[in-house]
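Below is one structure, written out as C-alpha cells; the observations come after it.
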Amino acid sequence: MKKYDHKKIELKVQKEWEKKKIYFASSESKKPKFYSLIEFPYPSAAGLHVGHIRSNTAMDIISRKRRMEGYNVLYPIGWDAFGLPTENYAIKTGIHPTKVTKDNTDIFRKQLKALGFSFDWSREINTTDPAYYKWTQWIFLQFFKKGLAYKAEIPINWCPKDKIGLANEEVIDGKCERCGEVTEKRMKEQWMLAITKYAERLHKDLDLVDYPERVKLSQRNWIGKSEGSLISFQLIVDSKVSFNKKDTNSKLKAKNQKLEAISVFTTRADTIFGATYVVLAPEHPLVAKLLEQVKNKKDVEKYIKDAKKKSEIERTANDKIKTGIELKGIKAINPANNEEIPVWIADYVLPDYGTGAIMAVPAHDERDFEFAKKYNLPIKQVIMPYNLDTNNPPRQGKENTKREVVHIILRNPKNKTILIEFLKGEKWGNFEPKNFIIGGIEEKESLIKTAFREIKEETGYINVKFVEEISFEVQAEFYAAHKDVNRIVHVHTLVFDLINEEKVEIKEDEYFNKDSHEIKWIPYEKVIETVNIPDDKMTWKYFFEGGFAFSEKGILTNSEKFNGLSSLEAQKKITEFVGGKIVTKFKLRDWVFSRQRYWGEPIPIVNCEKCGLVPVPEKDLPLKLPKIKNYKLTETGESPLAGISKWVNTKCPKCKDKAKRETDTMPNWAGSSWYYLRYTDTKNKKEFASKKNLKYWLGSDSKHGGVDWYNGGMEHTTLHLLYSRFWHKFLYDLKLVPTIEPYMKRTSHGMILGEGGVKMSKSLGNVVNPDKIVKIYGADTLRVYEMFIGPFEEAVVWNTDSIIGARRFIEKIWRIGNKKFVTASNLELKKLLHKTIKKVSEDIETMRFNTAISAMMILTTEMEKSDKIDVEDYKKFLKILSPFAPHIAEELWQKIHSAPQGLALGSLKARPFPAESIHFSKWPKWDENLIKDDEMKIAVQVNGKIRAEIVIKNIENEEDIKKKALSDQIVSKFTAGKEIKKIIYVKNRLVSIVV
RNA sequence: GCCCGGAUGGCGGAAUUGGUAUACGCGCACGACUUAAAAUCGUGUCUCGUAAGGGAUGUGGGUUCGACUCCCACUCCGGGCACCA
C-alpha cells in the first residue's frame, strides 16, 4: 500500500465534493432541517487564525453528523467585512477597501476550503456587497419609521486617534478597544437605536433559549434589571436660612416656600428613615433651576464645570475620592419622617441611571457612607443584621419571646484588652459561647443602668465608666435552653472603661458559677478570632473600624411603625406609605449607532431644512458608498463622506428641494445583526429573505424556533449576541421573521492561546500559521489535533510538538486499511467498536470532541493488533471518524466500495467516488447487547481503602458477589479477627466492607 | 470591590457526576526491526519504600463506608463588570 499522502488525498476528495456539490443545502426538502451556524469571520489581512478552525471544525463535525442522521443541513459561510482595520489599511496604502476586502476574502476562502469544511459555498455572503447592505439599510429605515432610530445630542466616547465615536461596549478601561488610546467625552449628535425599549424582553426571553448559563448571566448583568421605588422628596427653602430664628412661624412659612420636588430611584425603600441627605447628579436638569435659590451659587457652578471637564478615566478611577457640594439654602423633606435634610450635588451620582438623583443612606450604602464620612453628614442605622444562630437555632413549637438585651464591651484602656466571657458545659447544646458581657434589660431600666448592674453581677468590677453606645444594633434569634423558649433579641452594645481593679464577690447560681463561667481579658486585635457569636463579632468590627455601611437586608429599627419588619416587607409598605411607586430600571443604554468613518453602510437619511430627517425611499436602496480617493479623517470628527459634496448634496425625497445626505455610517455590528437571516435566501432581490425560506430554516414555532445551533466566542456575549437578539425581536414585531429568538442553542468555544499560555499576537510573534500546518501534516491532522487539544469550551494552549500524535492516529487508520478484511467477526473488537460508537455519538452532542477522539484512538490500536476485522465493522468505524477527518474517511470508504471482498485496499486504485459519499451514509447505531460485559473486574474496599480486585459475572447476584469479596485472600487478611459491620455493594463498581 | 471560570504527573488533559485517580496524547527511557538512521512496533514512566505497605488531585478543615467530585474558610491564575443607588 502506498504511504499516506495527505496532499493528494485531500485535494482529490475536495475536488470531488465540489464537483458533486454535495454540501449544497436546498430550501426545498422533505427532510427535517438543521441550521448550524458559526460567527462569520472578519476577513483580516492576517488570514485565517487557528481559533477560527477550532469553532469551524466543531460545527462542521456536528453538521456532518446531522447529515448522516438524515437532516437537511444548512452550514453557511460569509464575510463580516466592514470595519476599521480595512479602512485604516486603505488610508495607509491608498488601496480601496473594496479591493482589500476582495483580496482578503479570497485568501480566507482558499484557506477554509483547504480544511474541508462542509459549507454551502453557494450561499456565501459579504456585508460590504451592496446587494447585502441594501437590506441592512432597509432594516434601519424600519427602525426609523417606528421611531426606534433617532438622533440625539449625547456625550460620546471619542477616540482622538481613530477619530471615531465609540459605543460604551467598545471602550475598555476608558481606552479605545481597537487602538488603546484614552478616550474622551464629547457632545455630539448621534444616531441611536432604542434597544432599551426591548430591555425587558431581552431579559425575560433568555428563559426560552438554550445558552450556557454564564452567557445568560452576563447578558442579564449587562441588561441590569432592577426593581425599586420612585419616591418624591419635596424641596423647600431652608427655614433656618431664610427666616429669623425668633419667628415662631418659621416652620409653617418654610412649608409655604415649596420648590420643586425631586424624584429619586432606590431599590432600598426600606432604608428611607436612614436617608440623611439627597444627592443630585451635576448634570441633573433641576440643578439649573435650583441655582437661583442657592446661597453658594458660584461655588456650585464651579463644581459643575469641573465635573464636566474630568475625563472618563478620572471619573472611573479605582481609588477615586468622592467629591460634592451642598446646595446651601435648600433642604429636602424626607417623606417618611418629615425631617429636613440637606441637598447635595456630587458626581458619584450618575445622570443617566434612575432619575439622576438619590436619597443617601450612609448607614446602609457604601458610597453614601464614604461620602458622609468625608463631609461629616449624619449616619443613622435603620437596618439591623439578622443573625440566626446556626449552632442553636429556634425550635419549632416553642414560644417566641422578644427581649431587649445589652452587650457590654468592657475595656481596660491601660493594656488595650477587653473582657470576654467563656461559657463552658453543655448549656447551649454542644456550643460553648465566647462573648461580651450580656444582660437582659429589666422593665423601665435604662441601658446604662442595666450595664452597670450586669458588670457588677457577672465580673464583680464596680469602678467602671460609661463611654458610648455603639450605633449598630443587631437582631438575633436562637433557642434558649435554660428557659426552653425561642428568643428574638434586640442587641444594644455599650462601651465601658475599667477605672480600677476593685471588685466585689460574685454571687453564684446554678447557671452562673465558677465551673461553667470564666472571664478573660483579650487584646483588641485578638477579639475577632476569640469571640464566637456573630452579634459580637459584627459589633466589635463596627466599633473597632470606626463603622461601616451594612448594605445587606435585615430587620428595621429606628423606623417608627415599621420597626421589626424585614427589609423585604418594608420595601413595599414604606413605598406605599410615602406615596411612591414600584418601578423597574435597567442599566442597558440605547445603542450609539453612528460612526464617523467611511467603511460602513451609509445611513440612508437626508437632512432637509424644510422636512427634517427624511428617509431615502426604499426603491432607491442600496444607497451605495461613493468611490473616493482620500479616506483620511477630518479633523472635525466628521465622516470622510462629508467631504464629497457631489454625494452629500442631494434633493429632498419629499419636497425635492436642496438637501444634504447623512454622512455617518453604521457600526460594523449592523451587518452581523441579521446575517443569519440572509443565509436562508441569499439571492433574494425583493426581500431580505423570503418568508417561506425563513419559515423552513428557522421553523414556524415562534417560541422554540431559530438557528438550531450557534457557536461563537464569549467576547460577543454582550455585543453581537445581544444586538442581533434585539434586531430579531424587532423584525418579529413587524411579522418579518417567524420566531421571537434568533438562536435556539448557543455554545462557546475557548480561545487558543499561544505557546506559553498567552494570547496569540503579531507583536509576541507566537501566531501559528495554519497554511503551514496543513501543508506539513494535512487538514485531517490539524482538525483532529484542534479537537483533541482540550475541552472545547475552555481555553487551551497551542503546542506544535503535539500535532504529531494526531498525525500518527491518521496514519494508523491508513495502515489498517492495508489489512486483509474478513467477514468473520472478532467479538472482542466488535464489542469495543460498539462502545466507541456510543461514546463518539454522545460526545459529539456535548462537544466533548477530545474524549471522542481518545476513544477512537483506543479502538484503532486494537484494530491494528487484530488480524480479523470485519469489513462492515471497519466501515462503521470510518463513519464515526468521518466528521472529524472527512478526507481520509472518504478516501478509504470509496476504496472499500471498489475492492472485491477480502482484498487489501492498498492494492487497489480507487476510482473516484464509485459510491455515494460517506458523509451521506447512515450514522451507525450501537447495539446495547454488545456493550454489556458479561465479566468484569470490580474493586473491594476495606474501611474505604482499596485492597483487592475480584472478577464477577453479569449474572451473579449481590449476595454472591459479597461472599466472593469476603472470601478473597487479600481481603480476608484485612478482615481477620474483626467484626464486619456493614457491606456496601455498588453495582458493577465495587464492594465496600466496613469492619 | 463585585460577578463568572479554573488549579490533577515533566507537559496537554481523562475520571460514567460520590465508587479502582492519572484514560488518551506529547515527551522521556529501554527493547525489537535496520549496516545505520528515520519511521514503525513493544515495554516502562505520580511519589516514598527491597518488600509488605504508605502518601499524592492548589492550601486548611468538615460530611461520608468511600471525596478530584459535596459543604465551610483561604491562596494563586484567567476573564468580565466597575460609583447602576
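Each chain gets a letter, A, B and so on, in the order the sequences are listed, and its residues count up from 1.
- For A:K585 and A:Y353, the positive end is not near the middle of the six-membered ring at less than 6.0 Å and at most 45° from its axis.
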| request: Take A:K812 and A:T861, measure what side-chain hydrogen bond (donor to acceptor under 3.5 Å, both in side chains) needs, and give me the verdict at the end. | output: CA-CA 8 Å; A:K812 187 179 282 189; A:T861 302; 3.1 Å; yes

| task | For A:E842 and A:R848, run side chain to side chain contact (heavy atoms under 4.5 Å, CB included): C-alpha distance rounded to whole Å, both residues' side-chain angles, the deciding distance at 0.1 Å, then the answer. | result | CA-CA 8 Å; A:E842 291 173 350; A:R848 285 155 32 145; over 6 Å; no

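- Summarising the base pairing, B:C46 is matched to B:G55 through a Watson-Crick or G-U wobble pair whose two defining distances lie under 3.5 Å.
- Across all strands, A:L990 comes closer than 4.0 Å to base atoms (heavy-atom distances).
- A:T717 comes within contact range of no nucleotide atom at all, as no heavy-atom separation falls under 4.0 Å.
- Ring planes of A:Y4 and A:W814: tilted class, angle from 30 to 60°.
- Taking atom C1' in both B:C30 and B:U20, one finds a spacing of 29 Å when rounded to whole Å.
- Here B:C65 presents its P atom at 21 Å from OH of A:Y985, a figure rounded to the nearest Å.
- Under 4.0 Å is where a charged nitrogen must lie from a carboxylate oxygen, and between A:K374 and A:E370 no such pair does.
- Between the side chain of A:S802 and the base of B:C26 there is no donor-acceptor pair of N/O atoms closer than 3.5 Å.
- In textbook terms, a nucleotide whose glycosidic angle is within 90° of 0 is syn, while B:U69, being further out, is anti.
- Listed candidates were B:U40, B:A85, B:C65. Nearest to the side chain of A:E811 is B:U40.
- The side chain of A:R989 has B:U20 as its nearest neighbour among B:U20, B:C65, B:C41.
- Within the 4.0 angstrom heavy-atom criterion, base atoms lie near A:S854.
- Nearest nucleotide to the side chain of A:F788, out of B:G42, B:G25, B:A85: B:G25.
- B:A21 sits 14 Å from B:G66 when the P atoms are compared, rounded to a whole Å.
- When the P atom is compared between B:G55 and B:C4, the two are found 36 Å apart, to the nearest whole Å.
- Taking the side chain of A:I946 as heavy atoms from C-beta on, and the options B:G13, B:U20, B:A85, the nearest nucleotide is B:U20.
- Residue contacts for A:N943: at a heavy-atom cut-off of 4.0 Å it reaches the sugar-phosphate backbone alone, with no base atom in range.
- In this structure, A:I345 atom CD1 and B:C83 atom P are separated by 20 Å, rounded to whole Å.
- One interatomic measurement links the two molecules: NZ of A:K322 to C1' of B:G1, which rounds to 11 Å at whole-angstrom precision.
- Looking at heavy-atom distances under 4.0 Å, A:R947 makes contact with sugar-phosphate atoms alone, never a base.
- Residue A:E794 is the one, among A:I938 and A:E794, whose nearest nucleotide of RNA chain B lies closer to the 5' end (criterion: closest heavy atom).
- Rounding to whole angstrom units, NZ of residue A:K812 and C1' of B:A39 are separated by 14 Å.
- B:G19 and B:C68 have their P atoms separated by 10 Å, with the value rounded to a whole Å.
- OP1 or OP2 of B:G27 sits under 4.0 Å from a side-chain N or O of A:R808.
- Remark: the separation of the C1' atoms in B:A7 and B:U22 is 15 Å, to the nearest Å.
- Taking atom C1' on both nucleotides, B:G62 is separated from B:A67 by 11 Å, rounded to a whole Å.
- Of the candidate nucleotides B:G53, B:C24, B:U20, B:G53 has the atom nearest to the side chain of A:K973.
- Between A:N850 and B:G12 there is no side-chain polar atom (N or O) within less than 4.0 angstrom of OP1 or OP2.
- A:Y375 and A:F371 have tilted rings, their planes meeting at an angle from 30° to 60° on a 0 to 90° scale.
- More than 12 non-hydrogen atoms from other residues, nucleotides or ligands lie less than 6.0 angstrom from CD of A:E958.
- Counting non-hydrogen atoms under 4.0 angstrom, A:K981 reaches nothing in the nucleic acid.
- When both pairing distances are held under 3.5 Å, B:U63 makes no Watson-Crick or G-U pair with any nucleotide shown.
- In the set B:G13, B:G19, B:A85, B:A85 carries the atom at the smallest distance from any side-chain atom of A:T266.
- Base engagement by A:I358 is indicated by at least one non-hydrogen atom pair under 4.0 Å involving a base atom.
- Taking the side chain of A:I804 as heavy atoms from C-beta on, and the options B:A85, B:G54, B:C26, the nearest nucleotide is B:C26.
- Of the P atoms belonging to B:U75 and B:C24, the separation is 38 Å, rounded to the nearest Å.
- Checked against B:C3, B:C24, B:G42, the side chain of A:L217 finds its nearest nucleotide in B:C3.
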| task | Kindly determine whether A:N711 and A:H749 satisfy side-chain hydrogen bond (donor to acceptor under 3.5 Å, both in side chains), including the steps that lead there. | result | CA-CA 7 Å; A:N711 185 75; A:H749 54 261; 2.9 Å; yes

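- As judged by a 4.0 angstrom heavy-atom cut-off over every strand, A:I789 is placed among residues touching the sugar-phosphate backbone only.
- Glycosidic conformation at B:G31 (O4'-C1'-N9-C4 for purines, O4'-C1'-N1-C2 for pyrimidines): anti, more than 90° from 0.
- Each of B:G19, B:U20, B:A85 was ranked by its minimum atom distance to the side chain of A:K937; first place goes to B:U20.
- Residue A:W798 contributes atom CH2, which lies 15 Å from atom P of B:C26 at whole-angstrom precision.
- With A:D270 as the partner, the side chain to side chain donor-acceptor pair (under 3.5 Å) test is satisfied by one option alone out of A:Q571, A:H364, A:K572: A:Q571.
- Across A:I844, A:I810, A:D780, a single residue satisfies side-chain contact (heavy atoms from CB on, under 4.5 Å) together with A:F884, and that is A:I844.
- In the set B:C24, B:G13, B:C26, B:C26 carries the atom at the smallest distance from any side-chain atom of A:D801.
- Using a 4.0 Å heavy-atom criterion, one finds that A:K585 contacts no nucleic acid atom at all.
- A:E793 has its CD atom 14 Å from the C1' atom of B:G6, to the nearest Å.
- Between A:R214 and the phosphate of B:C3, there is no side-chain N or O to OP1/OP2 separation shorter than 4.0 Å.
- Nearest-nucleotide assignment on RNA chain B puts the 5′-proximal partner with A:V797, out of A:V797 and A:G356.
- The CZ-P distance, from A:F974 to B:A52, rounds to 11 Å in whole Å.
- The distance between atom CD of A:E715 and atom C1' of B:G79, rounded to the nearest whole Å, is 11 Å.
- At the phosphate of B:A15, neither OP1 nor OP2 sits under 4.0 Å from any side-chain N or O atom of A:T851.
- Rounded to a whole angstrom, the distance from the P atom of B:G5 to that of B:C71 is 12 Å.
- Applying the 4.0 Å criterion to OP1 and OP2 of B:A85, one finds that A:Y353 has a side-chain N or O inside that range.
- Across all strands, A:V986 comes closer than 4.0 Å to base atoms (heavy-atom distances).
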